[in-house]
Each structure stands twice: as structure tokens, then as C-alpha cells.
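The block underneath contains the structure these notes are about, expressed in C-alpha cells.
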Amino acid sequence: MLQSRLLIPTLRDDPGEAEIVSHRLMLRAGMIRKVAAGIYIYLPLGLRVIRKVEQIIRRELNNSGAQELLMPIASPAELWQETGRWDFYGKELFRLKDRHERDFCLGPTHEEVITDLVRREVRSYRQLPANFYQIQTKFRDEIRPRFGLMRGREFIMKDAYSFDADEAGAMESYRKMYDAYMAIFMRCGLNFRAVEADTGLIGGTSSHEFMVLADTGEEGIAVCDACNYAANVERAELKELPLDMHAISPQEKRLVPTPGQKTVEEVTQFLGVEPSQLLKTLVYRADGKPVAVVLRGDHAVNEIKLKKLLGAAELVMADAATVEKLTGAPVGFAGPIGLSEVSIVADFTVKQVRDGVVGGNAADRHWMNVTPGRDFVPDRYADLRNTVSGDACPRCSQPLRIVRGIEVGHVFMLGTKYSEKMRATYLDQQGRDKFIVMGCYGIGVGRSAAAAVEQNHDAKGIQWPAPIAPFHVHILALADKSGKVAAAAADLERQLEEAGIEVLLDDRDERPGVKFNDADLIGIPYQIVIGEKGLTLGQVELKERRTSIVTKLA
RNA sequence: CGGGGCGUAGCGCAGACCGGUAGCGCACUCGCUUGGGGUGCGAGUGGUCGUGGGUUCAAAUCCCGCCGCCCCGACCA
């Protein structure tokens, strides 16, 4: 392929819009261009990388017995209303109306559409198991798209759905996909880790996320070095710790003035206590009903856990007016003592606190020397927070370490959640109607490519892992007065291509420095430099991009 | 959705405070030059200054609205 015939608009300067490495380098290397926030064009070079990732996925999934199909991007609201997700998905669902004012959406995922297909076409246990996948553009109106291909509103995703006769079969399908994912990300040259993920509101028995380890990752992962446990910090389960009875304090609670001190930071500094001694009280509305959540000042509420605990479809922070009405105090002074109108849930760690500080439910007042269980009794204690460094591993109780990762894949046991709602059944051997047991499996194709850049680059540019590089070899034809260089380059290109090697030939009339720099930026694994000097010696040079090792070839 | 920032040529930016009709570097075109890590010289092309309105003799510049983009936050108790 001649570089002069390909649109590869490399940039010398970093575009101002790009913050992280992968976004910056993919823009600079002329692989992507932005059309709107979170919506990109894949230029020829970028598309080749995307296609490489897709081919790896196809090969591994076909190997594992999955079959490729292609579903529509637009789907009617009725399907989504059947499962309740038309409302549940909220603003993230791109919605549109057709000319008859009928509601449609652009698919963020396709459980409804595939389940609709399967319930109509699959009737017998003989047709199971089945696993369908597609590679397709997805739409999610993200609250905050960012980082180029990392979090787009329109993005390419591989989604797969397995259908089995029973739980055991579904687990087997799940395991196969898990193995396929391991192989896929391995072949993409990624340093990744499969981590346990919570099954969340969707229910089911298993879920794993595939995380590429990178400091720029948006997800926190809790890992245990002792037992190899790894889980998303949002989802890592935290156990209740045994109560230390000796720690009970005889001190009576007392109300102290804290004028204008609202935040955890302000109050703890003002009173001279540690944030872990402060019990903050947050008021949420769960499906409209207010609920007070109590947890330590140094901990963060995990809204997924909270939502799950309350069984709520919608969970939002209560507004200031609601907080004032319920607590009788301005925002910043809410506390669990004397709160009667709302149910109170507290994190497990709250139970451990002795002589804590809580809001006074009165302006400019906090209680000190508060002991949970004595001075207030929550309706229940539960695991309500994100894991932090040092928390006990749920498996072996050793301290957890927090690292960052990019979620490139997710596998999920769905059970019968969708098949029940959509009445997807089959007849078993005894002729009985049974619900099909499902699993779903996603891979972010563009995100995987971006993650690869995050892990494979240097100061000069990208260092593509060979399996997903846009080309295998980049031939740089340098200055050519005699005409011999061009001829030699064309000849070499032909030979390599005949051998099945993908070649990009830089035939542009550019200075050597420009070519070297562009080649390093684009990051094709091998560069072959052909120049007049070398040719007179009967030599060309082969440089490995990653190591910069140069070999002279006769 | 809240906060901050930005929007001037394809890219990176100056000009704005102090109003007088737009400039620099790179890129692009042509010529010469150079030819192994972003050559040098010369001549050019390219801009409704995001958009709508207002103030003014005059607006990129001052005022108001809107749109777009980026970053942070959405943990405030």
C-alpha cells in the first residue's frame, strides 16, 4: 500500500483537545478525527486497527462455537418496554421517533432484540445451546464522553448472547466465552486481568470484567496479592468485621456548636477528629422515597450497592429542600440521631465507630461522642461503600491493593432475567415449557485499540503490538536521485506482500526526518529503510519500532 | 446537571485589557535548494474571527443571548 495514496494526516503538534496518551497519539497519527463529542471518524489507518481487533475476536469466537449475525441499530420501543429498560435506561438511551411518531432507540446493547429473535425461532432443547454475536456500532448518550475512543457516545462493540437449556449449560457457555476472551486479549497484546464483578441489579450468578492495567483507567480494581482475588472496587464485597466489645465508650454524647462547618474536612478540622471518626449522613431518594445513609467520613458511598440493597430502580441524592425538611437543618448538618421520618441504613464500618461525630439536625450543631447502637439504631447495617486500599480481602482477609484499569470486556451470566420477561421458552425432552438461560458478553473494540496504545507507546509515538498493527512493515524509501531506491522499494513491497505481509510504503517526496518521525508516530512494528547509501552497499536496514534495534540486511 | 476554561486559516497560537476592519509558526501550492532524524530561500493559497443580537461613525476586541468543545466535579451532609 502506497502511503501517498492513503489519507494519513499526521500532526506535528498535540491537538489541544486530547488529554490522555492514546487519544493524543491516535489523533496525531492520523487514525481518528472527531465529529462531535464522543463521536469519531476512523481514518484508513485507524480502521485497519479496528478491523484487526475484530478479526481476532471473530476467530476466537467462531472457534468457541459462537455464530455471527447482525442486528439492526434501531429498534422499536415496545421491545424495551417489555423488559422495563425503556424507562430504566434513562437518558443514556438515544431515542428517536419515526414519521408516524413511533418511538425507537439506537441500540446501546441488544438483549431485547436477540431474545425476541430467539423466542420466535427457538422452540426445542435440540436447538440449544446457541451463542450469537455481532460486531456493531452502539450508541450510549454518555453523561460525559471523554478520552477519544475510550468513552464514546457512538462506539464499536462486539456483543454476544448465549442461550442454554439450564444453569449448568449456561455456566459452560460462560466458561467458554471467558476462555475466548482470555485468548482475544492475549492476542491483542494487552496486559490485562480478569476481575470479579458484581452481578448488580441484573441478578444471576457470575460476572467478570476484563481490565487492561493502566494508570489512566477509569475503573479502580481491588487486588489481593495473597490469594489472587481481583474485583472492581465498586463491586468488591466487603464483609462485616467482628465487633470489639472492649471498645465501647462510657462517654455521653453531647451537642457542640460547629458554626458554618459543613463538609467532612471542615468539621473534622474544627473538632480535631479524624475523618474516620465522623459519620456522615447522606440523604437519597430511592424511587422517590427518602432514605438516610450513614457511613464514615473517609469512605465513599457505592450507589450500586445501595441501589441493590434498597431494591430501587432510581436513586438520586435528595435536593437541599428535602434535606432541610427531613432534618430540620440546612444541608451539612444532617445526622442519624432523632431522624424518625426516614429509614436509616449504615455501612458495616459504622458499627465499629466509638465516640464518633454526627450532624446535629440543627444549624451549626454536631453531636460528639456518639456510639452507634446506643445513640442511634440504623434500620440495618450493610456493605454500602467502595473498597479502599487496605480493606480486608473477602476471600482471605489480607489487605487489598487498588490499581487502575480500563474495562475492555465484560462477561455476564444473565440467568432467566430476560427470558422470563420476554417469555423466551423452549420445550425440554419431557415436552415441558422452560425458560432459556442466558448469558451476555461484550468487548469494546475501539476501547481495546485505545487501551493497546495506552500500554504500548514511547515519547515518539505508538508501538503497536503486531497482531493489531495497521500494517506489519513500514518501508521508508528515502531520497532517490538515481531512481534505484523507488524501484528497490517497490520490488521489496511486492515480495513481502506476496509472502502475506502487510506493507505500507512511504513513497512520499519528503525529507528523511519527516519519514522517520511519521513512522515512529504511526508505530508499525517493523521499519525497513531503503536509501541510496545502503543500496550501493547492497543493504537495507530493518528497525524494530519497539526496541529500535537496527539490523542490516543484504 | 454544577464549576472552570476555550472557540481567530487544516494544526498550534498571538491580537482583546486600551474598538480603527487580522497576524505568527507549522501545514498546503509553485520555483529553486537540500537529501539518513521535522533543510534553506523566495513567491503564493487559505479566515462569515463559533453564532444571533446590542452599543458605536467603526466590533475579533465592549455588552447580552445561544451553540459547540475540553477539563474537573457530580461525595454535599
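Throughout, a chain's letter reflects where its sequence line sits, starting with A, and its residues are numbered from 1. As the structure is a computational prediction, the values presented were derived from the model and not from experiment.
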Are any of the side-chain nitrogens in [X] or [Y] under 4.0 Å away from the carboxylate oxygens of its partner?
X        : Y        : result
A/Asp491 : A/Arg494 : yes
A/Asp458 : A/Lys460 : no
A/Asp215 : A/Arg404 : no
A/Arg28  : A/Asp14  : yes

Give the nucleotide from the list [options] with an atom nearest to the side chain of [X].
X        : options                : answer
A/Ile143 : B/rG12, B/rA74, B/rC70 : B/rA74
A/Arg146 : B/rC71, B/rC76, B/rG35 : B/rC71
A/Ala479 : B/rG12, B/rC75, B/rG35 : B/rG35
A/Arg153 : B/rC69, B/rG12, B/rC75 : B/rC69
A/Ala36  : B/rG35, B/rC69, B/rG36 : B/rC69
A/Lys34  : B/rC28, B/rC70, B/rG36 : B/rC70

Using whole Å, report how far [atom1] of [X] lies from [atom2] of [N].
X        : N      : atom1 : atom2 : answer
A/Glu142 : B/rC69 : CD    : C1'   : 17 Å
A/Asp14  : B/rC70 : CG    : P     : 16 Å
A/Asp347 : B/rC75 : CG    : P     : 16 Å
A/Ile39  : B/rG68 : CD1   : C1'   : 13 Å
A/Asp141 : B/rC1  : CG    : P     : 11 Å
A/Ile530 : B/rG36 : CD1   : P     : 15 Å

(request) Do nucleotides 37-44 of chain B as a string where each nucleotide becomes B, S or -: B if the base has a protein heavy atom under 4.0 Å, S if just the sugar-phosphate does, - if no protein is that close. (result) BBB-----
(message) To the nearest 0.5 Å, what is the distance between CG on A/Asn517 and CD on A/Glu510?
(response)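 CD of A/Glu510 is found 11.0 Å from CG of A/Asn517.
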(message) Working to the nearest 0.5 angstrom, can you tell me the gap between A/Trp367 CH2 and A/Glu252 CD?
(response)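 Between A/Trp367 CH2 and A/Glu252 CD, I get 10.0 Å after rounding to 0.5 Å.
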(message) Give me each pair satisfying ring pair (Phe, Tyr, Trp, His ring centres under 6.0 Å) with a member in residues 272-300 of chain A, each pair once, sequence neighbours excluded.
(response)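 Every candidate ring pair (Phe, Tyr, Trp, His ring centres under 6.0 Å) pair involving residues 272-300 of chain A fails, so no pair, neighbours aside, qualifies.
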(request) State, to 0.1 Å, how close A/Leu478 and A/Gly531 come at their nearest heavy-atom pair, and which atoms those are. (result)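 Heavy-atom minimum between the residues: CB-CA, 4.1 Å.
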(request) Looking only at non-hydrogen atoms, find the nearest pair between A/Ala450 and A/Ser22 and report the distance. (result)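 In this case the closest contact between A/Ala450 and A/Ser22 is O-CB, 3.3 Å.
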Mind checking the [atom1] distance from [N] to [M]? Whole angstroms is fine.
N      : M      : atom1 : value
B/rC11 : B/rG50 : P     : 13 Å
B/rG20 : B/rC49 : P     : 15 Å
B/rU29 : B/rA60 : P     : 32 Å

(request) Could you list by number each residue of residues 377-385 of chain A showing a heavy-atom separation from RNA chain B of less than 4.0 Å, or answer none if no residue does? (result)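 When residues 377-385 of chain A is checked for heavy atoms under 4.0 Å from RNA chain B, there are no hits whatsoever.
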(request) Have a look at A/Gly534 and say if it touches a base, only the backbone sugar-phosphate, or nothing, with a 4.0 Å heavy-atom cut-off. (result)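 Base, at least one base atom sits under 4.0 Å.
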